[in-house]
Amino acid sequence: MTTTEAIIRAIKAVPAGKVASYARIATEAGIPNGARQVARVLHSCSEKYALPWWRIVRASGEIALTDADGGLLQRELLLEEGVFFKSARVVDLEQSGDY
DNA sequence: GCCATGGCTAGTA
DNA sequence: GCCATGGCTAGTA
């Protein structure tokens with residue numbers, strides 16, 4: 001299994017209504033400091049592998065994408081799943097983080 | 001705001 | 001070199 005495959009599996013394992021950080025996914029995939037690999041996979045493989053890309057946010061809970069770039073859509077998708085927000089672009093990790 | 005981090009890939013030799 | 005990061009620090013209010 002390649003690291004990319006491991007990352008894909010880790011992303012798919014995040015349940016609806018929850019979010020995970022890039023670092024968390026990287027750790028799950030066995031790449032302790034591989035947050036940027038997760039970013040790369042999301043960028044290039046989301047469509048092909050039907051990844052729940054909207055469930056991945058920054059370690060702070062903040063949505064990484066700009067509103068114009070998809071951040072607005074991400075917020076909508078998360079709200080539909082019942083994810084709690086602390087502010088417009090920041091997920092409440094106490095309630096909706098980890099799993 | 002800076003910069004270390006790590007695997008992939010386009011593009012050169 | 002790229003990438004949808006992360007953690008720490010300086011420096012402002």
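Here the structure is a predicted model, which means the values were calculated and not measured. In what follows, every chain begins at residue 1, and chains take the letters A, B, ... in the order their sequences are listed. Heavy atoms only: backbone and side chains are in, while hydrogens, waters and symmetry mates are out.
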Round to a whole Å and report the spacing from [atom1] of [X] to [atom2] of [N].
X: A:Asn33; N: C:dC8; atom1: CG; atom2: P; result: 13 Å
X: A:Ile7; N: C:dA4; atom1: CD1; atom2: P; result: 14 Å
X: A:Glu62; N: C:dG7; atom1: CD; atom2: C1'; result: 14 Å
X: A:His43; N: B:dT9; atom1: NE2; atom2: C1'; result: 12 Å
X: A:Ile11; N: C:dC3; atom1: CD1; atom2: C1'; result: 13 Å
X: A:Arg24; N: C:dA4; atom1: CZ; atom2: C1'; result: 19 Å
X: A:Leu72; N: C:dA4; atom1: CG; atom2: P; result: 18 Å
X: A:Ile63; N: C:dG6; atom1: CD1; atom2: C1'; result: 18 Å

Need one value for [X]: base, sugar-phosphate or nothing, where a base atom within 4.0 Å counts as base even if backbone is also close, heavy atoms only.
X: A:Arg58; value: sugar-phosphate
X: A:Ser21; value: sugar-phosphate
X: A:Ser44; value: nothing

### A:Arg9/A:Glu5 salt bridge by N-O under 4.0 Å criterion
no
### Query
Is the shortest distance from a Lys or Arg side-chain nitrogen in A:Asp67 or A:Arg89 to a carboxylate oxygen in the other one below 4.0 Å?
yes
For the side chain of [X], counting heavy atoms from C-beta on, which of [options] is nearest?
X: A:Ala35; options: B:dC8, C:dT5, C:dA4; result: C:dT5
X: A:Thr3; options: B:dT5, B:dC8, C:dA4; result: B:dC8
X: A:Thr4; options: B:dC8, C:dG7, C:dA4; result: B:dC8
X: A:Arg40; options: C:dG6, B:dC8, B:dT5; result: B:dC8

### Message
Using 0.5 Å steps for rounding, measure from the CG atom of A:Leu42 to the CD atom of A:Gln37.
### Response
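If we round to the nearest 0.5 Å, A:Leu42:CG and A:Gln37:CD are 11.5 Å apart.
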#### Entry: A:Trp53 CH2 to A:Leu73 CG distance, which is reported to the nearest 0.5 Å
4.0 Å
### Task
Would you mind pulling out the nucleotide paired to C:dG11, Watson-Crick or G-U wobble, both distances under 3.5 Å?
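Paired with no nucleotide.
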#### Entry: C:dC3 - base-pair partner by Watson-Crick or wobble geometry, distances under 3.5 Å
B:dG6
### Query
Start at the 5' end of DNA chain C and walk down; is the nucleotide closest to A:Gln37 or to A:Ser60 reached first?
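The 5'-side residue here is A:Gln37.
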### Message
Take a 6.0 Å sphere around CZ of A:Phe85 and say whether it holds more than 12 heavy atoms from other residues, nucleotides or ligands.
### Response
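Yes, enclosed.
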